[in-house]
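See structure below.
By convention in this document, chain letters (A, B, ...) are assigned in the order of the sequence lines, proteins followed by strands, and residues within each chain are numbered from 1.
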Number of protein chains: 2
Amino acid sequence: MTHHRTRPDRGRSALGPALQLVHTGRAPTRAVLTAELGVTRATAGAVAAELQGLGLITVDARPAVAAGAQGRPSHRLAVDPGGPVVLAAQVHADGFRAALVGLGGTVVATAPGCGDVDPDPVRVLRQVVAAGVELLERTGRRCVGAGLAVPSAVAEPEGTALNPLHLAWPPGAPVRALFAECLADAGVTGPAPGAPALGHAANDVNLGALAEHRHGAGRGAQHLLCVATGHRGVGGALVLRGRLHTGSSGLALEVGHLTVDPQGRPCHCGSRGCLDVETDPLALLDAAGREPGPESSLLHQARELLRTGFPGDPAVRDAAHLLIDRLGLGLAGLVNILNPDRVILGGLHRELLRADPERLRAVIAERSLWGRSGEVPVLACSLEHNSLVGAAELAWQPVLDDPLLIQEV
Amino acid sequence: MTHHRTRPDRGRSALGPALQLVHTGRAPTRAVLTAELGVTRATAGAVAAELQGLGLITVDARPAVAAGAQGRPSHRLAVDPGGPVVLAAQVHADGFRAALVGLGGTVVATAPGCGDVDPDPVRVLRQVVAAGVELLERTGRRCVGAGLAVPSAVAEPEGTALNPLHLAWPPGAPVRALFAECLADAGVTGPAPGAPALGHAANDVNLGALAEHRHGAGRGAQHLLCVATGHRGVGGALVLRGRLHTGSSGLALEVGHLTVDPQGRPCHCGSRGCLDVETDPLALLDAAGREPGPESSLLHQARELLRTGFPGDPAVRDAAHLLIDRLGLGLAGLVNILNPDRVILGGLHRELLRADPERLRAVIAERSLWGRSGEVPVLACSLEHNSLVGAAELAWQPVLDDPLLIQEV
DNA sequence: CCGCTTTGTTCACCGCGCGCACAAAGCGAG
DNA sequence: CTCGCTTTGTGCGCGCGGTGAACAAAGCGG
């Protein structure tokens, strides 16, 4: 063996950043691409041409609008709507979802979800991949990767799901490896033509945060904190400068066990009054004196309760206020530690924010240390299926880092 | 105006990374520099030659030891002990300290500390800078920057000290601007010859963490969490992939108000049982039934109490165990949120770790969620004046990012 | 219609880093 | 001691990505 190079020096170095700018909608024209990349117009032009040649973006010489603009109208850059896609999938307590997602976070095709609960991850993943393959065949799109969102912490770098309890899967299931295996069996290809796709897999809240950061309410944030509930428990995620912060072993932002009520109910973690058990859908139903239904409908039930009973029904109102106060306490703690410049809430937390935004913001402002931190914007998540789009982001990432991957041998 | 370039394309791009490798001791020879940079030997040689020409590193053709090594012995790369220095300073409750620090974190010269407490930051900073200038004149070294460590959160990007209470300074004092002003008045130069130095300033715990990461117990850590006490209160810091994480406005890692004892004593933050008031030196003295002395000696007093009374004195032992349990709870919470791969403790926390490491590690392992997180190494900080060295790191950073700065017009 | 402004493109040039050659410096076997 | 063997250091030609400055193009307004 002669010489091992870590940087294979593949092509233009500005190619990846340029594609990311178009992908996130921050480079609508070659002119702003030039400015954002900090290169000359010549280089930006060459880069755009190369991306166009790869079939990733389109250049439209006829701009629709040019109202009052000075000088020569610029050509419009956009993600190629007919370009390659990735297979994005999400498994959750209610079943799974599969879709094809193009650049720009656009969902190209969706498979009808399946509602079965199956304790065997391999069977589920086979179904997921089969649904994706069916979409690929029907649409005839080229696939350049696959990503999976899982309602569990995923350990890095192994890619094992540590607590997929809502899925009835065994703890420690090697979801990434299993997903990759199913993809290989089904012949799903990755960025490089012909080569099998890697099985990207990560936690669903993390992926939702990533999607919100790139295409949703988190756009432009430097340090984005997301907190969301499913049916049970609370998840968190942090996006730092555009990259997901998963910690050294993928277990960061396990925010469920922050203490938000010293006198609260006991938690399986050994403490009491944890965010997990004090602000999830079950906690709302409990506080409002409602009988909880089956686990896989808790979020629905709590949501409906809020929609119909807030602020009219005093029991619902008091229960919501209680949860908002506790959530605010937990968020204030996180703000003190992470100092994000934006906070996005999902699941029931989003509904709590919608119900009484002033109260939540007031609690956070009061309990976070410095006035300025208290002014951190708290927003509702804005993407329909942000975990799914986030799974697609994961799959797109290698191409976003090096677009030439999709044409290599 | 013609064209604005963001990247001035100054020289070799690998120059900065190479200097950082030598600076942190990760590139003792040209051979490993080649491997670490991922370039060819030719390029690494050219880079080393350029850094040598800048007077930043030395190349020693005669290696001292070559025991049992195969092949041609490699030349040794090292930081130039006679190279430029930065002015590093630290202000604290007991006064201030000033020093000259070269590359590699080596303290070249130290000024005798001054123990005065002065409510006027400008007077203090003038003294600090005067002490530094005296050192520069005495040693005749070239100064390429200045950094200051402050026992207060420093807001970004303003550079104001939000709560310099231990210094009796007014909250919100613009330390960075004041420091820069004093430096300019004294004629202290920055990286570019002739140009005045920027006044780099940051929180002391943050800077201590940075120093530990580059030259101390944190070397090689990907995600390093540091927690330390002064005389009162608790500070935290996080180093992510070699860069300090200060959050979006410099207020990250305000860990003092994590709840570690729901029934604990009230804190000025409005809650009770905060890490701040439950694990600082005053808390130990209180728990052991000792009368606290003056504020500026609390750390000393608590340290001595532990050294002499642990584990012999039952009151001291119980008090220490209590603090260890609470500290462990707080650290477990932080580990759950940040998932670091190493934790370093300073101040009284370091002494608590020394006193009973097993107990502390057991608490963290028990309360952090996943077994693997519980195995995160918890170490004592290892540098004598880590805040001072960290202040120097801050000042060196521009040069580490672009070594050619020190020769530009 | 001609300036003005901004955008896109062409082209010569330049410097960084590669790849390869060869030299240098130790070690060990014969 | 000499001859391989291994690893490290260096000189040289070259490719290529990006610059910079030209020119062309495309609207707008007087």
| request: Find the distance A/Glu50:CD to D/dC16:C1' and express it as a whole number of Å. | output: 12 Å
| said: Could you go through A/Ser249 and B/Asn339, starting from their C-alpha distance and side-chain angles, then the distance that decides it, and tell me whether this counts as side-chain contact (heavy atoms from CB on, under 4.5 Å)? | reply: CA-CA 7 Å; A/Ser249 53; B/Asn339 189 20; 3.1 Å; yes
Dump the pairs, protein N or O against N or O of nucleotides 22-25 of chain D, anything under 3.5 Å, distances to one decimal.
residue, atom, partner, partner atom, Å
D/dA25, N3, A/Arg72, NH1, 3.2

| request: Round to the nearest Å and state the distance from A/Arg30 atom CZ to C/dT7 atom C1'. | output: 9 Å
| remark: Rounded to whole Å, NE2 of B/His75 lies from C1' of C/dA23 at a distance of 12 Å
| N-O pairing of A/Arg30 and A/Asp60 below 4.0 Å | no
| task | Determine, for A/Arg141 against A/Asp80, whether the closest basic-nitrogen to carboxylate-oxygen distance falls under 4.0 angstrom. | result | no
| Check: A/Glu212/A/Asn386 side-chain N/O donor and acceptor closer than 3.5 Å | yes
| said: Within the 4.0 Å heavy-atom criterion, would you say B/Ala44 contacts the bases, only the backbone, or no part of the nucleic acid? | reply: nothing
Which pairs, protein N/O on one side and nucleotides 12-14 of chain C N/O on the other, fall under 3.5 Å?
none

| message | Please evaluate residues A/Val22 and A/Leu103 with respect to the criterion side-chain contact (heavy atoms from CB on, under 4.5 Å), reporting the C-alpha separation (whole Å), side-chain torsions for both, the decisive distance (0.1 Å), and the verdict. | response | CA-CA 9 Å; A/Val22 179; A/Leu103 277 176; over 6 Å; no
| For DNA chain D, whose closest nucleotide is more 5', that of A/Val47 or that of B/Ala31? | B/Ala31
| said: If the cut-off is 4.0 Å, is B/Thr43 near the phosphate of C/dC18, judged by side-chain N/O to OP1 or OP2? | reply: yes
| message | Between B/Glu158 and B/Arg176, does any side-chain N to carboxylate O distance fall below 4.0 Å? | response | no
| field | Nearest-Å distance for atom pair CZ/P, residues A/Arg76 and C/dG8 | value | 11 Å
| task | Taking only the side-chain heavy atoms of A/Ala42 (C-beta and beyond), determine which of C/dG26, C/dT10, C/dG8 contains the nearest atom. | result | C/dT10
| task | List in chain and number order the residues that pass salt bridge (Lys or Arg N to Asp or Glu O under 4.0 Å) with B/Arg72, two or more places apart in sequence or in another chain; answer none if no residue qualifies. | result | none
| For the pair made of CG in A/Asp60 and C1' in C/dT7, what is the distance, rounded to whole Å? | 15 Å
| said: Can you see if the side chain of B/Ser13 gets near the phosphate of C/dG17 - specifically, an N or O under 4.0 Å from OP1 or OP2? | reply: yes
| said: Rounded to whole Å, please give me the gap between CD in A/Gln52 and C1' in C/dT9. | reply: 14 Å
| Starting at CG of A/Leu33 and ending at P of D/dG18, how long is that distance when rounded to a whole Å? | 12 Å
| Minimum side-chain heavy-atom gap B/Val144-B/Pro398 below 4.5 Å | no
| Taking A/Thr43 for the side chain and A/Val39 for the main chain, is one N or O donor matched with an acceptor at less than 3.5 Å? | no
| query | Toward the 5' end of DNA chain C, which comes first, A/Ala46 or A/Gly71, by nearest nucleotide? | reply | A/Gly71
| Any Lys/Arg nitrogen of B/Arg214 or B/Glu393 sitting under 4.0 Å from an Asp/Glu carboxylate oxygen of the other? | yes
| Between B/Thr40 and C/dC18, does any side-chain N or O lie under 4.0 Å from OP1 or OP2? | yes
| Between D/dG27 (P) and A/Gln70 (CD): distance, integer Å | 14 Å
